[in-house]
Amino acid sequence: FPVNAAQLTAIMVKPFEGSDGLRRMLDDKRKNAVLIGPGLGTDAWARDQVLAALDGTATVVLDAEALTIFAHGAADQLFRAINAHPKRAVVLTPHMGEFQRLFGQHGNGGSKVEQARQAAQESGAIVVLKGADTVIAAPDGRAAINENAPPTLATAGSGDVTFLANASYAA
């Protein structure tokens with residue numbers, strides 16, 4: 001915390017203790033979105049943080065380890081937590097490897113758009129399936145494709161920030 005607080009002068013940071021501390025922080029309705037995953041780890045503590053973030057009404061973006069924690073048979077727990085608050089937006093941002101670990105059976109069949117749509121419907125979340133042609137799919141079947149992103153977005157993490165740039169809607 002002290003290192004980030006000293007270096008991130010344009011971002012406000014606030015420490016919290018455990019999943020209950022995160023829940024209390026997110027009870028403040030002014031905090032209406034949370035991104036969790038990069039650098040989180042994959043232990044029980046990390047899983048508790050993800051579930052705590054999903055326990056409130058803030059929009060939740062899950063990336064990296066927040067997805068990996070629920071891979072290989074634990075995805076149902078994640079999907080139940082997402083669907084427990086159906087009016088709250090959740091965005092999952094996997095690359096194809098994370099997608100296959102999380103959604104298994106969808107990772108090998110159909111077009112990328114079909115896979116993302118099916119995963120969005122199953123999970124109850126917006127799925128941003130990253131790649132050279134990033135697919136953004138909503139649980140209601142809507143999908144957009146960003147197929148013209150610049151190569152500079154290949155830098156780790158940058159695609160998550162700009163995934164909707166120049167998106168075109170799929171049929």
* To do: Indicate yes or no for a side-chain donor-acceptor contact from His85 to the backbone of Lys87 under 3.5 Å, with no hydrogens or angles considered.
  => no
* Residues two or more places apart in sequence or in another chain: which of them pass side chain to side chain contact (heavy atoms under 4.5 Å, CB included) with Ala125? -> Ile82, Val90, Leu92, Ser123
* To do: Check salt bridge (Lys or Arg N to Asp or Glu O under 4.0 Å) between Arg23 and all other residues, then give those that pass, not counting sequence neighbours.
  => Asp20, Asp55
Value rounded to 0.5 Å, distance of [atom1] in [X] from [atom2] in [Y]:
| X | Y | atom1 | atom2 | result |
| --- | --- | --- | --- | --- |
| Arg88 | Leu54 | CZ | CG | 5.0 Å |
| Asp133 | Ser111 | CG | OG | 10.0 Å |
| Asn146 | Thr134 | CG | OG1 | 5.5 Å |
| Arg117 | Lys112 | CZ | NZ | 14.0 Å |
| Gln118 | Gln115 | CD | CD | 8.5 Å |
| Leu129 | Ile136 | CG | CD1 | 9.5 Å |

Write down the atom of [X], the atom of [Y], and the distance for their closest heavy-atom approach.
| X | Y | answer |
| --- | --- | --- |
| Gln49 | Phe16 | OE1-CE1, 3.3 Å |
| Ile69 | Ala66 | CD1-CA, 4.2 Å |
| Leu22 | Ala52 | CD2-CB, 4.1 Å |
| Val113 | Ala143 | CG1-CB, 4.1 Å |
| Ala53 | Val60 | O-CG2, 3.4 Å |

Side-chain donor-acceptor pairs under 3.5 Å in residues 25-44, sequence neighbours left out?
residue, atom, partner, partner atom, Å
Asp28, OD1, Arg30, N, 3.0
Asp28, OD1, Arg30, NE, 3.0
Asp28, OD2, Arg30, NE, 3.3
Asp28, OD2, Arg30, NH2, 2.7
Asp28, OD2, Lys31, NZ, 3.1
Lys29, NZ, Thr57, OG1, 3.3
Asp43, OD1, Trp45, N, 3.4
Asp43, OD1, Ala46, N, 2.9

* Phe103 ring center near Phe79 ring center (under 6.0 Å) -> yes
* Please determine, by modelled atom types, if Asp48 and Ser19 share a side-chain donor-acceptor pair under 3.5 angstrom. => no
* side-chain hydrogen bond (donor to acceptor under 3.5 Å, both in side chains) pairs, two or more places apart, involving residues 66-84 -> Arg47-Gln77
* Asked: Does Val127 reach the side chain of Phe99, with side-chain heavy atoms less than 4.5 Å apart?
  -> yes
